[in-house]
Number of protein chains: 2
Amino acid sequence: MVTTHEVGTRERIVRATSRLMQRQGYAATGLKDISREAEATLGSVYHFFRGGKRELAVEAIRYGDTEFADLLRAALDRTDDPAEAIIACTRELATGLRESDWLDGCPITTAALESAGRVPDIQRAAEDAFENWRGLVRDKLRRSGFAEDVAHDLAHTVISTLEGAEMSAQVSQSEAPLEIAGRHLARLIDSYR
Amino acid sequence: MVTTHEVGTRERIVRATSRLMQRQGYAATGLKDISREAEATLGSVYHFFRGGKRELAVEAIRYGDTEFADLLRAALDRTDDPAEAIIACTRELATGLRESDWLDGCPITTAALESAGRVPDIQRAAEDAFENWRGLVRDKLRRSGFAEDVAHDLAHTVISTLEGAEMSAQVSQSEAPLEIAGRHLARLIDSYR
DNA sequence: CGCACTCTAAAACGAACGTTCTATTCAGAT
DNA sequence: ATCTGAATAGAACGTTCGTTTTAGAGTGCG
C-alpha cells in the first residue's frame, strides 16, 4: 500500500517559504503569501518561528541547501567519470528550469544576493550552502584521482559556473548557457588528467 | 579649470536606483530610499518616471548594463591576449567587490533573478544586458582569431562564470572564487588555440 | 509685466507589510 | 473529569509601501 507521507505544518511552512523565496527572493515574499501557500495561518507561522521572517528565511535556505545538494549528489553518483557527471548536472538543471517555465532557478541565490553583507544570518546560511556544494564536487574529483589542490580549485569553478549558467539560462529562458557550460566544464576537468 | 560635471536630477535618480538595486534588489528598494539617496523628492521621481517604480527599475538596469559593459570593455582592451584579458576582468571585479566591503556585486543580477518570469520589462532589460556583455567577449575572441562558433560558446561560459564567481565571492566575502575562475577561464580559452 | 512650462515640495491615499495579541481547539497525562 | 501545553485561528497594531494630488518655486519668452 502506498501511503503519502503526512507532512507537518512546520515543514509545509518551510517548504512554501523556500519555494517562494526561490522565485521572488526574500523581500518580495510576504508572510501572508507564505501562510497561504503553506495552507497554514499566521498564528502557526509565528508559533513555529518566534524569530519571525528572518528565522524562517534562514531555515528555508537550509532547506534549499539540502535540496540542491541532493540533486547534485544524485547527478554526481550517476557516472564514475566526473566530467560526464558534471554534464549530467547541467542537464538536470536545464530540464528542471524548463519544466518550471523558467521559474525555479537556484533555490537560494536570490535571497543570498539580497542579503549579502546586510543580513548576517541569511548570508551565513548561504555561505554554508555554497561550501557544502563545493565539498560534494571536490570529493567526487578526489575520488576520481585528482590532486587535492586541483580538486579544490575545480570545485570552486564548477559551482560558480553552474550558478552563473543557471542564472543566465533563467534570464534568457534558454537551455543554451547550461548546455555550453557543461561541455566547457567537462573539457576543463579533462585538461587536468 | 576642473569643473565637476553638474548632474541633473533625473540622472541622480537613475544612479541611486541602480546602486540601491545592486545592493538589495528590486523589491527591497523603496521609492523613498531612492529619493533620499538621490537627494530628490518623490515629486521629482514621479515627474521623470510617470511609469513609477517599474519604469525606473528598467532604466536603472539599463544604466547597470552600460556600467558593467564599460568595465568589461576597458579590461578586455588592456591586452591583446584574450585569456589574459579575462584574468584582468576577474581582478577588476575582485578589487571592486573588496573595496565596497563586498556590497557592490553585479549591478543587475539580483533584480534580474527577482523578476525572471514575473516582471517582463525588467527581465527583458536584463536579458539585453547579458547579450550585450556576451557580444563584447565574443568580438574580442573573434578579433583574436577564434572561429565564430567557438567564440560564441566561449563568450557564454565566460559571462556565466564571471557572474557565478562574482556571486560566490560576494557571498563568501573572498576573492578566491574570482581569482580561480580567471585562471580556469584562461586555461579553457587557451585550450582552443 | 504676464503667461507657459518645467521641476520641486510636501501632504495624503488605501493597501500591504511584519508583528503582536487574545481566544479557541484538541490531544494526552493525571 | 480536569488540567496542561501545543497548535491553530483571526483580529488588530503601528509602519511603510507605491502612488496620487495639490501647491509652489524657478525660468525663459512675448
Completion exercise
The reported gap from CG in L42(B) to CD1 in I34(B) (rounded to nearest 0.5 angstrom) is 9.0 Å
Handout entry: Under the side-chain contact (heavy atoms from CB on, under 4.5 Å) test, residues paired with T41(A) that sit two or more places apart
Key = S44(A)
Handout entry: Selection: residues 45-57 of chain B, any non-hydrogen atom under 4.0 Å of DNA chain D
Key = Y46(B), G52(B), K53(B)
Problem - Ionic contact status for R73(B) with D70(B), cut-off 4.0 Å - result: yes
Handout entry: Whole angstrom value for the distance that separates P of dT15(D) from CG of D33(B)
Key = 17 Å
Exercise for the section: Please report, rounded to the nearest Å, how far the P atom of dT6(C) is from the CZ atom of R10(B). Expected result: 14 Å
Practice task
Rounded to the nearest angstrom, tell me the gap between atom CZ in R36(A) and atom P in dA9(D).
Solution key: 15 Å
Handout entry: Out of dG18(D), dT8(D), dT19(C), whichever nucleotide has its closest atom nearest the side chain of K32(B)
Key = dG18(D)
Problem - Salt bridge flag under 4.0 Å for residues D81(B) and R193(B) - result: yes
Practice task
Taking only Lys NZ, Arg NE, NH1 and NH2, and the carboxylate oxygens of Asp or Glu, determine whether E39(B) and R12(B) approach each other closer than 4.0 Å.
Solution key: no
Practice task
Indicate yes or no: does R36(A) engage D33(A) in a salt bridge with an N to O separation below 4.0 Å.
Solution key: yes
Handout entry: L188(A) side chain reached by V158(A) side chain, heavy atoms, under 4.5 Å
Key = no
Exercise for the section: Kindly indicate whether the side chain of T79(A), heavy atoms from C-beta on, has any atom under 4.5 Å from the side chain of I87(A). Expected result: no
Handout entry: Interface with DNA chain D, restricted to residues 22-31 of chain B and to heavy atoms under 4.0 Å
Key = T29(B), G30(B), L31(B)
Exercise for the section: May I ask you to verify if any side-chain N or O of T9(A) is less than 4.0 angstrom from the OP1 or OP2 atom of dA7(D)? Expected result: no
